[in-house]
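Have a look at the structure below before the remarks.
Computed from a prediction, not measured in an experiment: that's the story for all the values here.
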Amino acid sequence: MKWTVLSDNRTSDSRLETEHGLSILLETKQLRVLLDTGASDVFARNAEKLGVDIRNVDYVFISHGHADHAGGLPHFLAKNQQAKVIVSPEAMKGTFFSRRLCLHGITPAWPVDLDERRVDVGEPTCELEEGLRVIARIPSNHPVPLGNQRLYVQDADGNLVPDDFRHELALYVDGLLFTGCAHSGLENILESCPWPVHTVVGGFHLLDGYESEEDLTALAMRLKAAYPHVQFYTSHCTSDMALEVLRRVMGKQLSTFSCGKVVLV
């Protein structure tokens, strides 16, 4: 299994562009899956610079209905004529907002012909084909990121209400669990996964100014105790401060990624 970071907030390769977004190409012997599409066509431009061909991707997975993960979808579909799209209907129906800094919309522009390529997602878990599984309707048995407090969805009356992230999905492929932004909480996503996990990849939505150092230390201790053999990779919406605190406890069990990073599992 191999995964390559095409879009992220960080990079260690000066050739590559960054953005507030996330996109990763996951490759197995059987499948090529694009994990989110970032906020724009940055993922496609970076893919070209890295010599990655996105035309033969089999699936594109959209973890939730925010523009920093689904904004590049129209660009992907224009280049790839075959891939099926995995996305929650709740994501496509929602109108989403953030109050970070100021109130602004974060709903992506969904392609008009998306239904022709979209695959239905069963709940709470489903297997689309051998080794490719989706987790939906993630319960909140553990704390969720405090940064969610600034995120809203419009209800039927046009009012902004706190987003409960029923539109968020996680993807499992042969022991790798992709969390997207983990708005539902990393522990909740892991607990909802009924299959053995050796690698977790994605943002953890641990932003500056929300969780305290004590909160982050406690989270790291719980993850280390409950999942001692799991390797965690994060970037995107995990702040530098959160990374520093988590690393103190988790050590080499926690790694970071950035644009251009290639990992063989």
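- Cation-pi geometry between R99 and Y152 is satisfied (NZ or CZ under 6.0 Å from the ring centre, within 45° of the ring normal).
- In this structure the side chain of V52 never reaches within 4.5 angstrom of the side chain of N46, judged on heavy atoms.
- With hydrogens and angles disregarded, a donor-acceptor distance shorter than 3.5 Å links the side chain of N188 to the backbone of N141.
- Under the side chain to side chain donor-acceptor pair (under 3.5 Å) criterion, S23 pairs with no residue at all, not counting sequence neighbours.
- Salt-bridge annotation for E19 and R45: absent, with no side-chain N of the basic residue lying under 4.0 Å from a carboxylate O of the acidic one.
- Counting only residues at least two apart or in different chains, ring-ring contact (aromatic ring centres under 6.0 Å, His included) contacts with residues 203-251 comprise W3-Y233, H20-H236, H69-H236, H183-H205.
- Between D115 and R117 there is no salt bridge, since no side-chain nitrogen of the basic residue lies less than 4.0 Å from a carboxylate oxygen of the acidic one.
- Transitive grouping of hydrophobic side chains (ILVMFWY, heavy atoms separated by less than 4.5 Å) brings V60 and F43 into a common cluster.
- No hydrogens or angles considered: nothing links the side chains of T28 and D174 as a donor-acceptor pair under 3.5 Å.
- Between the side chains of S88 and E168, no donor-acceptor pair of N or O atoms lies under 3.5 Å.
- If you chain together hydrophobic residues whose side chains sit under 4.5 Å apart, L160 and V153 never meet in one group.
- Here the side chain of T11 pairs a donor or acceptor atom with the backbone of D13 at under 3.5 angstrom.
- H142 and E191 share a side-chain donor-acceptor pair at under 3.5 Å.
- In this structure, the ring of F97 has its center no less than 6.0 angstrom from the ring center of H66.
- A 4.5 Å side-chain heavy-atom check between L243 and T256 finds at least one atom pair inside the cut-off.
- Linking Ile, Leu, Val, Met, Phe, Trp and Tyr residues whenever their side-chain heavy atoms come within less than 4.5 Å places L26 and F257 in a single cluster.
- In this structure, E213 pairs ionically with R248, as a charged nitrogen and a carboxylate oxygen lie closer than 4.0 Å.
- Distance alone, capped at 3.5 Å, places no donor-acceptor pair between the E27 side chain and the V33 backbone.
- Between A182 and P145 the shortest heavy-atom distance is O-CG, 3.5 Å.
- Within a 6.0 Å sphere centred on CG of L264, heavy atoms belonging to other residues, nucleotides or ligands number more than 12.
- V57 is listed as a side-chain neighbour of F76, based on a closest heavy-atom distance under 4.5 Å.
- In this structure a side-chain-to-backbone donor-acceptor pair under 3.5 Å is missing from T18 to D8.
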ring-ring contact (aromatic ring centres under 6.0 Å, His included) evaluation trace for H167 with F96: CA-CA 11 Å; H167 57 99; F96 304 101; 4.4 Å; yes
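- Checked against side chain to side chain donor-acceptor pair (under 3.5 Å), D240 has the following partners two or more places apart in sequence or in another chain: R10.
- K84 places none of its side-chain heavy atoms less than 4.5 Å from the side chain of D58.
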